[in-house]
Protein chains: 2
Amino acid sequence: MTEDRRTLIARNSLLLKSFSEQQTDMLLSMSHWHTYQRNQTLFQQDEKARSIHVVVDGWVKLYRITPNGGEAIVSVFTKGQSFGEAVALRGTPYPVSAEAVTDSEVLQIPAAAVTEMVRRDPEAGVTMLAATFSHLHALVAQLEQLKAQTGAQRVAEFLLELSERDEGSCLVTLPYDKVVIAGRLGIKPESLSRAFSKLKEFGVKVSRNNAAIDDIQRLRDFSESDPAAFWNKRS
Amino acid sequence: MTEDRRTLIARNSLLLKSFSEQQTDMLLSMSHWHTYQRNQTLFQQDEKARSIHVVVDGWVKLYRITPNGGEAIVSVFTKGQSFGEAVALRGTPYPVSAEAVTDSEVLQIPAAAVTEMVRRDPEAGVTMLAATFSHLHALVAQLEQLKAQTGAQRVAEFLLELSERDEGSCLVTLPYDKVVIAGRLGIKPESLSRAFSKLKEFGVKVSRNNAAIDDIQRLRDFSESDPAAFWNKRS
DNA sequence: CGCTTGGCTTGACTATTGTCATGTAACCGC
DNA sequence: GCGGTTACATGACAATAGTCAAGCCAAGCG
């Protein structure tokens, strides 16, 4: 990827596009690029935060290692998304670890550059807050999903998020390994397989890393239905 | 509760105690107190945020109504804790609804007072960010729990959080309805009952709203064990 | 080619949780 | 105390998800 193209994507990222051009230039000049290969680690939980990370290409997962050794995926970010704003501003340790799940390009803005900028322009702090808040919001949505939906429903919603259109039929590409998808959705890979099978009856066909959705609305109906009510209707 | 006592608690809340005395005075003078009865609503999701809320007494739950009509409890706050900082600063709608689960006293700081203060003292913005970040962190921890632990383990951890000591035996009082506890932990009330039964074998006895823990360390071991490994050992 | 490897699927079985129905004990107003 | 309500517990059963083991299949390689 060329320098220009990278920079263009970075400038249009959710975080940077809300800053002035001057500010962005300043930040970019102090930042550095980094490419990661699949499975390479960006940082570990409890490590002191040195930068904000802006994903420019590929996919990066944030996860936690649980006391008993398992891994819980907290979120997966892609092109245009950023993470670590809050920790960088406050200088606290990362609460999660980060790892590339595909080959990825990441822009890293040093924490010092960020704090410096906020000191000069407090308004920029509110922008950071906005980014943090949107992460908070995403986590709330995820909690809701985990507590109120079955595995198959979460898979359905995952597909719907990937699909661009909002009615009719559609073809989506699964962007990373099924092991990672399963983790992100809080189920085991085997259950993901079975969820895909179950979704066949709602017009979803999966082969390799491609999924075809016959009728987006039908899938949405399923993902939002009360599982209990659903099974009553059919039995 | 007397005005003085309330104010004292409010001043010592996580949010306010990080502001200067002057700033706190200013905020307090613009805020108002509100008492809520059990089951009374503070605000609804999608409503425009008017204030930051500081719980001074009682317990308040934040929850979301899911598309299919269920409710997913996101968090439960008590004395000294605050919520809504990010929305108040940004003026976005609440992403959750709030309801008192016991009779409660709440200090409400108008959003305008907050933005005004941050404008005058940008450093205060960082304090807000800190509060928001700690909520973010709590949500991450909750996600991890939901994804990596069984119901019984989450119940165990809930008891451990309530217990003040960190070894030996201990007696804790369940602070609110079991329906709410179950919701907070992402299980049904019936499963909570059964989880309590299962915890008997780890020295936990529950009667009415009191729980006795024989050995805190033993309970912690259980809550952190790999459920699969555990069952292998015993079969 | 055929072998190997990794990623995925399947099947059989178990564990966990939800659902529904029913029982029970405490609490409240009278 | 009596009736009624509320909160909680329990049992039987169904659904959902995890575990373990085996198999499939395409990609890569000698």
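Nothing here was measured: the structure is a model prediction, and the numbers come from that model. A note on names: the letters A, B, ... follow the listed sequences, proteins ahead of strands, and every chain is numbered from 1.
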Nucleotide [N], atom [atom2] - distance to [atom1] of [X] in whole Å:
X	N	atom1	atom2	value
B:N209	D:dT6	CG	C1'	14 Å
B:L185	C:dT16	CG	C1'	15 Å
B:Y176	D:dC8	OH	P	13 Å
B:K178	C:dT24	NZ	C1'	14 Å
B:I187	D:dA17	CD1	P	16 Å
A:D177	C:dT5	CG	P	19 Å
A:R154	D:dT16	CZ	P	12 Å
B:N39	D:dA7	CG	C1'	13 Å

Just wondering, more than 12 heavy atoms not from A:R11 lying within 6.0 Å of its CZ?
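Yes.
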With nearest nucleotide decided by heavy atoms, which residue, B:S193 or A:G186, maps closer to the 5′ end of DNA chain D?
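Looking at the nearest nucleotide for each, B:S193 comes out on the 5' side.
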So, is B:R194 close to the D:dA12 phosphate, meaning a side-chain N or O under 4.0 Å from OP1 or OP2?
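No, outside the criterion.
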Phosphate contact (D:dC24 OP1 or OP2) by A:R208 side-chain N/O below 4.0 Å:
no
B:K200/B:D214 ion pair, N-O < 4.0 Å
no
Lys/Arg-Asp/Glu bridge criterion (N-O < 4.0 Å) met for B:E71, B:K61:
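Yes, B:E71 and B:K61 are salt-bridged.
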Which nucleotide wins on minimum distance to the side chain of [X], given the candidates [options]?
X	options	answer
A:K188	C:dG18, D:dT10, D:dT19	D:dT19
A:T150	D:dG18, C:dT10, D:dT16	D:dT16
B:R38	D:dT16, D:dA9, D:dA7	D:dA7
B:E190	C:dC20, C:dT17, D:dA12	C:dC20
B:S191	D:dC8, C:dC8, C:dG18	C:dG18

Taking atom types as modelled, is there a side-chain donor on A:E157 or A:Q145 under 3.5 Å from an acceptor on the other?
yes
On DNA chain C, compare the nucleotides closest to A:L192 and A:K147; which residue's is nearer the 5' end?
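Taking each residue's closest nucleotide, the earlier one in sequence belongs to A:L192.
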Just to verify, which of A:D57, A:V56, A:N12 counts as forming a side chain to side chain contact (heavy atoms under 4.5 Å, CB included) with A:K79?
A:D57
